[in-house]
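The structure appears below as structure tokens.
Computed from a predicted model, the values in this text were never measured in an experiment.
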Amino acid sequence: MAKAIGLLSGGLDSSLAVKVIIEQGIEVVALHFATPFCTCTRKGCQHEARKAAAVFGIQLRTVRLGAEYIELVRKPRYGYGSNMNPCIDCRILMFSRARQFMEEIGADFVFTGEVLNERPMSQNLQALRLIARESGLDGRLLRPLSAKFFEPTIPEMCGIVDRDKLLAIRGRSRRPQMALASKMGIYDYPCPAGGCRLTDPNFARRLRDAFQHGDDSMTDIFLLRYGRHLRLPNGIKMIVGRNEQENIVLRAVAKNGGYFALEAQDVVGPVVLVKNTATPADIELAARICLAYSDYRIHGDQPVVVEPGAEIAVSPISREQIRGYLI
């Protein structure tokens with residue numbers, strides 16, 4: 001029985017591609033890449049990929065991309081899209097890993113849910129051909145949803161895949177995919193367009209700032225999605241929780257070490273996070289900002305707890321002064 005590796009994000013396009021290949025009697029092993037930047041759902045893309053794999057009854061392997069991926073985002077060979085999204089380099093990395101996995105398990109080819117011209121940077125004809133070549137998958141990378149716009153791949157020429165059952169979808173509209181999903185009985189897809197934080201201008205601004213100041217650990221990158229971000233005069237990053245859910249996350253990060261957590265004593269307000277390399281002057285300023293975002297409205301000093309096990313009495317800074325520190 002023929003075997004294929006399918007890249008499965010959990011979104012509509014990749015789910016349709018899996019269905020198209022399964023219906024040809026080919027065994028599919030799904031490969032999901034987990035990055036810090038997926039925005040499909042609150043539960044994350046990995047959750048959606050697991051759910052889709054369970055529906056199709058196929059095996060799912062998850063590959064977590066860490067420091068190597070962050071370095072790729074920092075210095076992409078083929079540049080960025082509209083913000084900090086290195087889409088071409090990202091796909092080359094993922095597809096190279098998929099090729100290695102294909103070789104390890106003896107699969108015949110790799111396929112994806114990519115659609116010609118759906119995304120301007122990475123899914124135009126030139127980029128798609130470049131990605132196939134640079135990943136070492138030229139001839140063995142099939143895009144079932146747009147296959148009719150490409151030369152036949154090796155699995156098509158060998159009769160493993162019936163080219164007549166492949167599709168000719170292109171462009172940015174998702175209507176053809178949604179119609180196909182209805183026809184195939186696929187109804188539970190949470191993110192027809194998918195998403196990546198690297199394309200968001202606000203997130204990209206935070207990421208550039210983090211790279212410029214050496215805040216590039218996996219924890220630093222994880223924290224970019226939470227709270228208000230400020231850069232203090234000495235270069236220390238400060239994060240202010242915006243709600244109780246974010247406060248819980250910031251407290252948890254502080255407990256794992258490397259950070260101080262600040263909270264106004266006996267006053268409703270945010271958790272504030274600063275790195276434990278902060279100077280006493282940084283801590284004092286962070287405490288004043290923490291108090292400014294709290295419900296404290298009395299003139300004079302108020303204690304702010306600095307975990308672990310310290311306390312400082314300060315008065316709040318003005319919101320106008322805070323604006324100069326916001327990233």
Check whether more than 12 heavy atoms from other residues, nucleotides or ligands sit under 6.0 Å from atom CZ of Arg175, and answer yes or no.
->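 Atom CZ in Arg175 is not packed in, count stays at 12 or less.
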Could you tell me whether Arg170 atom CZ has more than 12 heavy atoms of other residues or ligands within 6.0 Å of it?
->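 Not more than 12 within 6.0 Å, no.
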Counting C-beta onward and ignoring hydrogens, is there a side-chain heavy-atom pair between [X] and [Y] closer than 4.5 Å?
X: Glu23; Y: Met184; result: yes
X: Arg143; Y: Leu145; result: no
X: Val253; Y: Phe222; result: yes
X: Leu180; Y: Lys19; result: no
X: Leu250; Y: Leu223; result: yes
X: Asp209; Y: Lys237; result: yes
X: Lys255; Y: Glu307; result: no
X: Ile70; Y: Phe211; result: yes

Answer with yes or no whether the hydrophobic clustering places [X] together with [Y]; edges join I, L, V, M, F, W, Y residues whose side-chain heavy atoms lie under 4.5 Å apart.
X: Ile239; Y: Ile283; result: no
X: Leu7; Y: Val29; result: yes
X: Phe150; Y: Val115; result: no
X: Met218; Y: Leu198; result: yes
X: Met238; Y: Val271; result: no

Residues [X] and [Y] bridged, charged N to O under 4.0 Å:
X: Arg174; Y: Glu118; answer: yes
X: Arg77; Y: Glu134; answer: yes
X: Glu151; Y: Arg129; answer: no
X: Arg99; Y: Glu103; answer: yes
X: Lys275; Y: Asp220; answer: yes

Qualifying residue, where the test is side chain to side chain contact (heavy atoms under 4.5 Å, CB included) with Ile5 and the options are Val28, Thr112, Leu31 |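 By the side chain to side chain contact (heavy atoms under 4.5 Å, CB included) criterion, Ile5 pairs with just one of Val28, Thr112, Leu31: Leu31.
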Please find the pair of heavy atoms, one from [X] and one from [Y], that lie closest to each other, and give the distance.
X: Val274; Y: Ala278; result: CG2-CB, 4.4 Å
X: Pro86; Y: Met84; result: CD-O, 3.0 Å
X: Cys90; Y: Tyr69; result: SG-OH, 3.2 Å
X: Glu263; Y: Cys290; result: CA-SG, 4.0 Å
X: Ile221; Y: Asp215; result: CD1-O, 4.3 Å
X: Ser122; Y: Leu128; result: O-CD2, 3.5 Å

Any donor and acceptor pair, going by atom type alone, linking the side chain of [X] with main-chain N or O of [Y] inside 3.5 Å?
X: Arg163; Y: Ala147; result: yes
X: Asp108; Y: Lys3; result: yes
X: Asn85; Y: Asn83; result: yes
X: Asn124; Y: Met121; result: yes
X: His213; Y: Arg231; result: no
X: Asn234; Y: Ile236; result: no
X: Ser146; Y: Leu116; result: yes
X: Tyr296; Y: Ser315; result: no
X: His32; Y: Ala49; result: no
X: Ser182; Y: Ala179; result: no

Worked verdict on Met94 versus Leu65 for side chain to side chain contact (heavy atoms under 4.5 Å, CB included) | CA-CA 9 Å; Met94 292 180 178; Leu65 298 176; 4.0 Å; yes
Going through the checks in order, is the side chain to side chain contact (heavy atoms under 4.5 Å, CB included) test met by Ile186 and Phe56?
-> CA-CA 10 Å; Ile186 299 174; Phe56 294 127; 4.1 Å; yes
I'd like to know if the side chain of [X] pairs up with that of [Y] as donor and acceptor (distance under 3.5 Å, no hydrogens or angles considered).
X: Ser9; Y: Ser14; result: yes
X: Gln177; Y: Asp13; result: yes
X: Gln265; Y: Glu311; result: yes

Can you name the side chain to side chain contact (heavy atoms under 4.5 Å, CB included) partners of Asn276, sequence neighbours left out?
->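 Asn276 satisfies side chain to side chain contact (heavy atoms under 4.5 Å, CB included) with Phe260 only.
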Salt bridge (charged side-chain N to carboxylate O under 4.0 Å, His left out) evaluation trace for Arg97 with Glu104 = CA-CA 11 Å; Arg97 295 285 186 86; Glu104 285 174 13; over 6 Å; no
Quick check for you: to the nearest 0.5 Å, what is the distance between [X] atom [atom1] and [Y] atom [atom2]?
X: Leu141; Y: Ile131; atom1: CG; atom2: CD1; result: 8.5 Å
X: Leu326; Y: Ile289; atom1: CG; atom2: CD1; result: 8.5 Å
X: Ile312; Y: Arg288; atom1: CD1; atom2: CZ; result: 10.0 Å
X: Asn202; Y: Ile327; atom1: CG; atom2: CD1; result: 12.0 Å
X: Arg208; Y: Tyr80; atom1: CZ; atom2: OH; result: 8.0 Å
X: Leu16; Y: Lys183; atom1: CG; atom2: NZ; result: 11.5 Å

Taking the six-membered ring of Phe203, is the NZ or CZ of Arg225 close enough (under 6.0 Å from the centre) and on axis enough (within 45°)?
->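 Because its charged atom misses either the 6.0 Å distance or the 45° angle limit, Arg225 does not stack over Phe203.
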Flag this pair as yes if the NZ/CZ of Arg197 is under 6.0 angstrom from the six-membered ring centre of Phe37 and inside a 45 degree cone about the axis; otherwise no.
->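 Negative - Arg197 is either too far from the ring of Phe37 or too far off its axis.
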Would you sort out whether Phe109 and Ile160 count as a side chain to side chain contact (heavy atoms under 4.5 Å, CB included), showing the intermediate values?
-> CA-CA 10 Å; Phe109 64 97; Ile160 296 172; 4.1 Å; yes
Verify side chain to side chain contact (heavy atoms under 4.5 Å, CB included) between Glu114 and Arg119, making sure each step is shown before the conclusion.
-> CA-CA 9 Å; Glu114 292 170 298; Arg119 298 184 187 275; over 6 Å; no
Go through the structure and list residues passing salt bridge (Lys or Arg N to Asp or Glu O under 4.0 Å) with Glu27, not counting sequence neighbours.
->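 Glu27 satisfies salt bridge (Lys or Arg N to Asp or Glu O under 4.0 Å) with no other residue.
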